[in-house]
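Below is one structure, written out as structure tokens; the observations come after it.
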There are 2 protein chains.
Amino acid sequence: MAVTLADVAARAGVSAATVSRVLNGNYPVAGTTRSRVLRAVEELEYVVNGPASSLAAATSDLIGVLVNDIADPFFGIIAGGVQSRIAPVDAPDGRGRKLAVVCTTGGSPEQELTYLTLLQRQRAAAVILTGGAVEDPAHQAALAAALRRIERAGARVVLCGRPPLTPPVAGDEGGTEGEAPEADTAVAPDGTEVPLPRAVDLPHPACLAFDNRGGARALTEHLISLGHREIGYLAGPAERTTTRHRLEGHRAALDAAGLTDGAGDRVVHGRFDRDSGYGGARELLRRFPGLTAIAAANDTVALGACAALREAGLRVPEDVSVTGFDDLPFAAEAAPALTTARLPLHEAGARAGLLALGVEEPPPGGVTVVGTELRVRASTAPPPSGPRPARAG
Amino acid sequence: MAVTLADVAARAGVSAATVSRVLNGNYPVAGTTRSRVLRAVEELEYVVNGPASSLAAATSDLIGVLVNDIADPFFGIIAGGVQSRIAPVDAPDGRGRKLAVVCTTGGSPEQELTYLTLLQRQRAAAVILTGGAVEDPAHQAALAAALRRIERAGARVVLCGRPPLTPPVAGDEGGTEGEAPEADTAVAPDGTEVPLPRAVDLPHPACLAFDNRGGARALTEHLISLGHREIGYLAGPAERTTTRHRLEGHRAALDAAGLTDGAGDRVVHGRFDRDSGYGGARELLRRFPGLTAIAAANDTVALGACAALREAGLRVPEDVSVTGFDDLPFAAEAAPALTTARLPLHEAGARAGLLALGVEEPPPGGVTVVGTELRVRASTAPPPSGPRPARAG
DNA sequence: CCCGGAGTAGAAAGCGCTTACTACGGTGTG
DNA sequence: CACACCGTAGTAAGCGCTTTCTACTCCGGG
């Protein structure tokens with residue numbers, strides 16, 4: 001029914017092999033033959049049959065991108081970064097251009113696994129996993145197994161915005177990998193040396209790990225430097241690595257300032273959305289009436305918190321300071337503009353795209369730490385009573 | 001190298017045909033055989049070769065989604081809506097799940113055509129085009145031709161958020177289609193009857209047309225009803241249908257109120273981004289110092305305008321009212337919260353997904369008008385001097 | 001007891017492409 | 001002048017799956 005290679009070949013008076021070679025340009029073809037073939041292609045409006053081509057060549061032009069929610073700008077921006085590299089707009093025609101298969105997992109490990117299988121089935125050339133991981137060891141193990149299977153099938157695997165996989169409890173692969181998983185260290189953007197776990201599970205790991213700890217720590221340190229002593233924290237879902245790392249950074253800042261409260265953390269867990277910020281802030285206010293600042297798990301949560309504060313008759317930042325995380329575009333436009341930690345999401349996505357294409361090689365160990373940058377804006381200020389000396393020794 | 005159907009068949013002691021039938025479930029297989037096959041599949045970790053399957057069955061599980069920019073929540077939300085239907089999370093395993101190939105076109109017709117070819121090559125089951133179209137007749141014709149080719153290749157075509165294709169100047173298809181392209185009418189959400197052009201170019205059109213005219217008109221009417229008489233308009237790129245339709249709605253409201261100024265429109269064209277809003281608002285202020293309201297092409301532009309106004313020492317809405325369009329999530333969180341026209345983007349995307357799957361049939365004529373809903377928030381108020389009667393007769 | 005029809009499974013012919021491998025002029029060299 | 005070799009192009013064997021057609025077994029009814 002559709003036009004095939006053979007039709008083009010017949011029209012051009014050559015063999016199918018020649019047409020294929022002209023189209024793929026990986027074999028010398030005489031100029032006159034080439035132009036005759038190209039004319040036939042034009043005239044017949046021939047379009048290659050991708051599946052057939054993928055079957056024969058055992059490759060495909062698809063790159064899977066797993067995201068929690070494509071409607072969330074956090075992931076949209078990463079996906080945009082990926083696309084900018086795997087399908088540059090200036091590429092002539094569509095030659096060599098890869099297609100992004102965007103899979104919305106809702107952050108569920110089961111969905112991740114399902115999509116991973118689906119992508120393997122499509123013989124995707126690469127798979128990019130974004131978003132924090134769920135910490136459940138069983139899930140980690142299942143995920144590692146799925147990724148190993150995918151790599152074995154010839155696809156590249158890139159982790160973007162999530163830490164390397166945690167090592168499996170038992171070496172169920174027979175231990176044929178030679179490399180011992182020593183803990184490396186890396187220098188974080190703020191100059192401190194941080195332990196760098198290696199993506200030990202994957203033969204060919206490529207991992208862009210966001211420095212969530214460092215960013216959160218910088219934000220809370222900023223609050224402390226403004227004079228805040230009672231700082232609430234609106235954490236994300238407890239089971240996510242991102243949540244844990246940001247919370248760790250927050251606590252590290254508190255610890256370093258000697259602000260660890262005997263009464264326990266001023267932390268409320270929720271999700272990464274606005275409503276969680278709203279509800280969480282209300283709960284924080286109720287439980288810790290003396291709060292002068294709230295650090296939120298991300299910008300969206302921070303916005304919800306601001307709304308709750310306003311509703312409670314509190315001004316931001318005059319009465320309560322608020323910080324976000326990520327620096328999504330709306331953070332700068334919010335009222336007040338959010339103090340936050342900028343994550344270069346587009347750049348990270350672009351880098352992930354390059355790693356997925358194999359254009360760029362991951363560093364030894366596979367892990368690159370993507371740093372954050374503190375963005376001080378209008379949502380933070382000294383506490384109402386002005387800076388006061390810390391009472392704790 | 002990889003596990004194939006034949007391997008599974010051998011292990012289960014059946015023929016490849018039987019394995020295929022078990023996996024596809026479209027042919028009766030005895031229970032015992034089925035479970036033997038499934039066990040072999042499990043044991044060998046067999047994953048179907050998608051390209052091979054697509055080649056043999058002449059179908060694929062891919063659905064193309066063309067967007068201007070996936071990092072823009074406008075498109076992200078539509079894409080999310082699409083995904084919610086083509087890959088519902090509650091679907092068992094991954095059975096019957098389609099994959100979304102998201103293609104970022106930057107709004108360029110050339111990129112659209114390139115991606116359309118790439119998707120046709122992948123033998124995508126359907127293609128969803130989002131975002132307004134460029135009005136250039138040459139592009140429209142080329143696009144129509146490409147879409148017709150895609151339909152002929154067996155894929156469904158869905159237009160989401162753009163008007164039906166304009167008819168080609170010449171009937172280059174030989175006029176074999178029986179249907180005469182009569183102009184239908186439809187009842188818009190506000191009760192008025194609007195002309196409804198048919199997607200005459202496509203044999204099987206499915207088009208979700210956003211009511212940009214109606215939404216823009218409602219916004220400007222709202223401003224007029226508050227007492228505004230000098231209303232600036234920050235339009236999008238002149239060549240886009242979306243821009244034109246929103247501008248038409250704006251002007252219709254002005255006309256109806258007798259506010260059409262002999263001095264010409266208070267309109268500045270730009271893009272659909274924040275910087276355009278910022279720069280455009282500055283220009284509007286310079287050229288029309290008496291403005292008391294600015295209607296923006298969309299929420300993002302409105303935000304930029306708000307920033308420019310603030311910078312100029314003008315308060316929103318006390319000195320100048322501002323309206324957006326789309327009602328993206330951040331619109332409600334902005335300061336002040338934006339008065340805007342809500343477009344049900346997620347729902348539209350979901351609907352597009354259903355149309356793409358063929359689960360839902362388009363109405364006769366193919367065009368469904370997606371209405372907007374006025375959202376009055378804090379960015380609009382009566383003009384500084386208070387409501388005054390219109391002077392014009 | 002024989003035959004027809006379910007019900008189930010296998011054989012085999014592709015689907016349209018890629019890619020060894022082979023073939024065949026034409027040129028340069030010993 | 002024969003030989004080798006390069007530059008091109010054709011032949012044909014798959015790639016792994018779906019699906020039609022055929023075949024076999026087992027029943028129940030005549």
Side-chain angles (χ1 to χ4, degrees), chain A residues 1-38 40-41 44-62 95-96 118 120-125 153-154, chain B residues 1-38 40-41 44-62 95-96 118 120-125 153-154:
Chain A
M1 173 177 175
V3 180
T4 72
L5 248 204
D7 298 330
V8 176
R11 174 136 196 159
V14 298
S15 72
T18 300
V19 177
S20 169
R21 297 201 264 247
V22 168
L23 260 22
N24 294 311
N26 49 12
Y27 196 87
V29 174
T32 57
T33 313
R34 141 172 275 103
S35 53
R36 213 153 18 109
V37 168
L38 290 178
V41 167
L44 296 176
E45 292 191 331
Y46 172 66
V47 175
V48 181
N49 183 318
S53 162
S54 287
L55 172 57
T59 63
S60 90
D61 290 339
L62 301 177
R95 301 193 64 72
L118 252 21
Q120 183 183 347
R121 164 188 302 210
Q122 296 291 337
R123 298 299 187 258
Chain B
M1 177 180 171
V3 180
T4 72
L5 247 204
D7 298 331
V8 176
R11 173 136 195 158
V14 299
S15 71
T18 301
V19 176
S20 169
R21 297 200 263 247
V22 168
L23 260 22
N24 294 310
N26 49 13
Y27 195 89
V29 174
T32 57
T33 313
R34 139 172 274 104
S35 52
R36 213 152 17 110
V37 167
L38 290 178
V41 167
L44 296 176
E45 293 191 331
Y46 172 67
V47 175
V48 181
N49 182 316
S53 156
S54 288
L55 172 58
T59 63
S60 90
D61 289 340
L62 302 177
R95 302 193 62 73
L118 252 20
Q120 183 184 348
R121 164 188 303 207
Q122 295 292 337
R123 299 299 187 257

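The chains referred to below are lettered A, B, ... by the order of the sequence lines, with proteins before strands, and numbering in each begins at 1.
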(request) State which of C:dA12, D:dC15, D:dT8 makes the closest approach to the side chain of A:Pro28. (result) D:dT8
(message) What I'd like to find out is whether the side chain of A:Tyr27 reaches to under 4.5 Å of the side chain of A:Val22, using heavy atoms alone.
(response) no
(request) Identify whether any heavy atom of B:Ser54 sits under 4.0 Å from a base atom; if not, whether one sits that close to sugar-phosphate; answer base, sugar-phosphate or nothing. (result) nothing
(request) Name the closest nucleotide to the A:Ser53 side chain, picking from D:dC17, C:dC17, C:dT19. (result) C:dC17
(message) Measure CG/A:Asn26 against P/C:dT19 and give the value in whole Å, please.
(response) 6 Å
(message) It should be established whether A:Ser20 places a side-chain nitrogen or oxygen under 4.0 Å from OP1 or OP2 of nucleotide C:dC17.
(response) no
(message) Could you report the tightest heavy-atom contact between A:Ser53 and A:Val48, atom names first, then the distance?
(response) CB-CG1, 4.2 Å
(request) Determine: side-chain N/O of B:Asn49 to OP1/OP2 of D:dC15, distance under 4.0 Å, yes or no. (result) no
(request) Rounding to 10 degrees, work out the angle separating the end axes of the helix from C:dC1-D:dG30 to C:dG30-D:dC1 (five pairs an end). (result) 50°
(message) Can you see if the side chain of B:Thr18 gets near the phosphate of C:dG10 - specifically, an N or O under 4.0 Å from OP1 or OP2?
(response) yes
(request) Report yes if at least one side-chain N or O of B:Ser15 is closer than 4.0 Å to OP1 or OP2 of C:dG10; otherwise report no. (result) yes
(request) For B:Arg36 and B:Ala12, work out which heavy atoms get closest and say how close. (result) NH1-O, 2.8 Å
(request) Specify the separation, in whole Å, of atom CG of A:Leu5 and atom P of D:dA9. (result) 16 Å
(request) Could you tell me whether the side chain of A:Ser20 reaches within less than 4.5 Å of the side chain of A:Leu5, counting heavy atoms only? (result) yes
(message) Evaluate B:Thr4 against B:Asn49 for side chain to side chain contact (heavy atoms under 4.5 Å, CB included), listing each step before the verdict.
(response) CA-CA 8 Å; B:Thr4 72; B:Asn49 182 316; over 6 Å; no
(request) Write down the distance between CG (A:Asp7) and C1' (C:dG16), rounded to a whole number of angstrom. (result) 10 Å
(request) Find out whether B:Arg34 and B:Thr18 are in side-chain contact, i.e. whether some heavy atom of one side chain is under 4.5 Å from a heavy atom of the other. (result) no
(message) So for A:Tyr27 and C:dA20, does any side-chain atom that can act as donor or acceptor lie under 3.5 Å from a complementary atom in the base?
(response) no
(request) Evaluate the side-chain proximity of A:Arg123 to A:Leu62: yes if any heavy-atom separation is below 4.5 Å, no if none is. (result) no
(request) For A:Ala30, report the nucleic acid contact type (base, sugar-phosphate, nothing); a contact means any heavy atom under 4.0 Å. (result) sugar-phosphate
(message) Could you tell me how far apart B:Arg123 (CZ) and D:dT18 (P) are, to the nearest whole angstrom?
(response) 18 Å
(message) How many whole angstroms separate atom CG of A:Leu23 from atom P of C:dT18?
(response) 8 Å
(message) Looking at A:Arg21 and D:dG10, is any side-chain donor or acceptor paired with a base atom of the opposite kind under 3.5 Å?
(response) yes
(request) Could you check how far CG of A:Leu44 sits from P of C:dG16, rounded to whole Å? (result) 14 Å
(request) Measure from the side chain of B:Thr4, starting at C-beta and using heavy atoms only, and say which of D:dT19, D:dA12, D:dC17 lies closest. (result) D:dC17
(request) Among C:dC17, D:dC17, C:dG16, find the nucleotide with the atom closest to the side chain of B:Leu55. (result) C:dG16
(request) Provide, to the nearest angstrom, the distance between the CZ atom belonging to B:Arg36 and the C1' atom belonging to C:dA9. (result) 11 Å
(message) A side-chain contact here means heavy atoms from C-beta on lying under 4.5 Å apart; do B:Val3 and B:Val47 qualify?
(response) no
